Protein chains: 2
Amino acid sequence: MIILSRLADYGVIVATHLAGIPDRQVNAAAVAAATRLPPATVAKVLKRLAHGGIVTGARGATGGYRLARAPEEISIAEVVAAIDGEIGVTQCASHVEGCDRTNFCPTRPHWAHINRAVSQALGAVTLAEMVGPDFLRPRPSSQVHASP
Amino acid sequence: MIILSRLADYGVIVATHLAGIPDRQVNAAAVAAATRLPPATVAKVLKRLAHGGIVTGARGATGGYRLARAPEEISIAEVVAAIDGEIGVTQCASHVEGCDRTNFCPTRPHWAHINRAVSQALGAVTLAEMVGPDFLRPRPSSQVHASP
DNA sequence: AGGAAAGCGTACCAACTTGGTCCGAATTTG
DNA sequence: CAAATTCGGACCAAGTTGGTACGCTTTCCT
């Protein structure tokens with residue numbers, strides 16, 4: 001199973017790319033060219049990111065996108081939430097009521113626990129760490145640049 | 001966004017139900033009746049669970065399903081993996097190669113880290129803990145969100 | 001001031017995945 | 001031997017998602 005949708009994946013890639021050039025303001029086509037992603041989809045992703053407050057878009061000629069905050073202030077969870085909405089393990093974790101088998105469902109505390117763990121895992125990594133060359137690695141010995 | 005698919009959710013519910021009756025061997029219809037889930041879908045879920053080694057199915061008359069292992073030996077991650085396949089944050093985390101923007105992707109170590117955190121969160125909880133009576137807290141009022 | 005460039009919003013279409021159903025083959029009990 | 005019951009596969013419908021296109025607004029440059 002895949003946790004993140006493809007658009008969310010694209011969103012992280014795009015946001016990471018923007019984090020790598022914090023002062024530049026580039027348009028969607030340039031981001032698409034730099035990330036080798038479909039331009040139309042990149043535009044869609046950037047729109048959602050702008051709507052979520054991750055990036056800010058400048059209109060007009062010589063306009064473009066730019067990160068709305070510092071890269072170390074933006075977590076992956078925010079980027080993902082801007083694309084696909086709030087993170088939830090299952091639908092029981094999202095909707096509060098209406099489950100007619102609530103009595104048969106002693107699993108919700110565990111879902112909440114797992115949900116928090118996932119959110120914490122996605123919220124612990126920031127864009128600055130994503131783009132940083134010396135990111136925090138729990139295992140500094142392993143080399144991860146090559147293909148696994 | 002929802003992490004687990006609905007079938008995976010059903011699988012956890014079904015497996016938890018089976019964990020609650022470790023010595024009984026019940027058929028798919030009984031499980032569906034007990035869990036208030038669609039019978040056909042429960043049958044499908046049980047088939048995948050059997051294929052994944054979570055439950056064992058006995059054919060013939062008076063057949064039925066039973067947990068293949070002890071409830072404390074089966075984690076949620078296994079159940080989810082039996083339904084929806086191996087857990088991966090994104091497609092980059094699953095497929096080993098073929099990504100033509102590997103050079104533009106310094107994010108994979110972080111994906112691996114997040115992926116491991118998610119897997120650990122899902123792997124830390126077993127079916128025995130799911131069915132355990134100590135954990136169920138019937139408090140449907142407060143819903144905790146992982147606020148960013 | 002006008003044209004061009006770029007973002008913004010919406011709408012739309014295609015495709016894949018998912019949810020759900022059904023029937024045949026195998027197997028065990030009575 | 002027959003009936004009941006299950007597994008295992010194929011099969012179909014529907015929802016969601018990915019992706020694209022178009023019109024509008026805004027801003028800079030000529």
Side-chain angles (χ1 to χ4, degrees), chain A residues 1-14 18 24-68 80 82-85 88 90-91 94, chain B residues 1-14 18 24-33 35-66 68 80-86 88 90-92 94-95:
Chain A
M1 67 167 299
I2 304 298
I3 292 178
L4 266 63
S5 66
R6 192 178 303 184
L7 278 196
D9 187 7
Y10 289 172
V12 175
I13 293 173
V14 166
L18 288 180
R24 304 283 293 274
Q25 190 171 22
V26 292
N27 55 9
V31 174
T35 56
R36 300 292 191 275
L37 295 176
T41 303
V42 168
K44 186 178 188 176
V45 166
L46 283 170
K47 273 183 278 190
R48 292 198 190 182
L49 256 50
H51 192 269
I54 305 297
V55 302
T56 56
R59 289 191 177 185
T62 70
Y65 287 97
R66 191 174 57 83
L67 279 184
V80 172
I83 300 287
D84 284 344
T90 178
Q91 290 191 346
S94 295
Chain B
M1 67 168 301
I2 304 298
I3 293 178
L4 266 63
S5 67
R6 193 178 303 184
L7 278 196
D9 187 7
Y10 289 173
V12 175
I13 293 174
V14 166
L18 288 181
R24 305 283 293 273
Q25 189 171 21
V26 293
N27 55 9
V31 174
T35 55
R36 301 290 191 277
L37 296 176
T41 304
V42 168
K44 187 176 187 175
V45 166
L46 282 170
K47 271 182 278 191
R48 293 199 189 182
L49 257 50
H51 191 270
I54 305 298
V55 302
T56 56
R59 289 190 177 184
T62 70
Y65 288 97
R66 193 173 55 83
V80 172
I83 300 288
D84 284 344
E86 194 64 27
T90 180
Q91 291 191 347
C92 271
S94 295
H95 75 77

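As the structure is a computational prediction, the values presented were derived from the model and not from experiment. Naming convention: chains lettered A, B, ... in sequence-line order (proteins, then strands); numbering from 1 in each chain.
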For this session: Tell me whether the OP1 or OP2 atom of D:dG19 has a side-chain N or O from A:Tyr10 closer than 4.0 Å.
Result: yes
Exercise. For B:Arg59 and C:dT27, what is the distance between atoms CZ and P respectively, to the nearest whole Å?
Worked result: 6 Å
Problem set entry | Close side-chain approach of A:Val42 and A:Leu46, heavy atoms under 4.5 Å | yes
Interface polar pairs with nucleotides 10-13 of chain C, N/O, under 3.5 angstrom:
| from | atom 1 | to | atom 2 | distance (Å) |
| --- | --- | --- | --- | --- |
| C:dT10 | O4 | A:Lys47 | NZ | 3.3 |

For this session: Check step by step if side chain to side chain contact (heavy atoms under 4.5 Å, CB included) holds for B:Arg48 and B:Asp84.
Result: CA-CA 9 Å; B:Arg48 293 199 189 182; B:Asp84 284 344; 4.3 Å; yes
For this session: Give A:Ala43 one of three labels, base, sugar-phosphate or nothing, depending on what nucleic acid heavy atoms sit under 4.0 Å from its own.
Result: nothing
Exercise. To the nearest angstrom, how far is A:Leu49 atom CG from C:dC8 atom P?
Worked result: 11 Å
Problem set entry | Candidate nucleotides D:dC7, C:dG7, C:dA5, ranked by approach to the side chain of B:Tyr65 - the nearest | D:dC7
Problem set entry | Members of residues 51-58 of chain B that approach DNA chain D, where some heavy atom sits under 4.0 Å away | B:Gly57, B:Ala58
Exercise. Phosphate oxygens OP1/OP2 of D:dG19: is one of them under 4.0 Å from a side-chain N or O of A:Arg6?
Worked result: yes
Exercise. Between atom CZ in A:Arg66 and atom C1' in C:dC8, what is the gap in whole Å?
Worked result: 18 Å
Exercise. Closest nucleotide of DNA chain D for B:Thr62 versus for B:Ala50: which of these residues is on the 5' side?
Worked result: B:Thr62
Exercise. Distance check: side-chain N/O of B:Asn27 vs OP1/OP2 of D:dT6, anything under 4.0 Å?
Worked result: yes
Seminar exercise, completed: For A:Arg66 and A:Arg24 the tightest heavy-atom approach is CG-O, 3.9 Å
For this session: Could you check how far CG of A:Asp9 sits from C1' of D:dT17, rounded to whole Å?
Result: 14 Å
Exercise. Tell me: CZ of A:Arg48 to C1' of C:dG7, nearest whole Å?
Worked result: 17 Å
For this session: Would you mind reporting whether A:Val26 and A:Tyr65 have side-chain heavy atoms less than 4.5 Å apart?
Result: no
Problem set entry | Atom pair CD1/CG of A:Ile83 and A:Leu4 - distance to nearest 0.5 Å | 10.0 Å
For this session: For residues A:Asp9 and A:Ile13, determine if any side-chain heavy atom of one lies less than 4.5 Å from a side-chain heavy atom of the other.
Result: yes
Seminar exercise, completed: Heavy atoms of B:Gly52 and B:Ala82 approach each other most closely as CA-CB, 4.1 Å
Exercise. For the pair made of CZ in A:Arg24 and C1' in C:dA6, what is the distance, rounded to whole Å?
Worked result: 17 Å
For this session: Select one nucleotide: of D:dG19, D:dT27, C:dT21, the one nearest the side-chain heavy atoms of A:Ala61.
Result: D:dT27
Exercise. Counting side-chain heavy atoms from C-beta on, which of C:dG19, C:dG7, C:dG20 comes nearest to B:Leu7?
Worked result: C:dG19
Exercise. So which of A:Thr41, A:Leu37, A:Val55 actually passes side chain to side chain contact (heavy atoms under 4.5 Å, CB included) with A:Val14?
Worked result: A:Leu37
For this session: Please report the shortest heavy-atom distance between B:Gln25 and B:Ala58, naming the atom on each side.
Result: NE2-CB, 3.0 Å
For this session: Could you check how far CG of A:Leu37 sits from P of D:dG18, rounded to whole Å?
Result: 13 Å
Exercise. Any side-chain N or O of A:Thr41 less than 4.0 Å from the OP1 or OP2 oxygen of D:dT20?
Worked result: yes
Exercise. Closer to the 5' end of DNA chain C via nearest nucleotide, is it A:Gly63 or B:Ser5?
Worked result: A:Gly63
For this session: Classify the nucleic acid contact of A:Leu46 as base, sugar-phosphate or nothing, counting any heavy atom under 4.0 Å across all strands shown.
Result: nothing
Exercise. Between atom CD1 of B:Ile54 and atom CG of B:Leu18, what is the distance when rounded to the nearest 0.5 Å?
Worked result: 11.0 Å
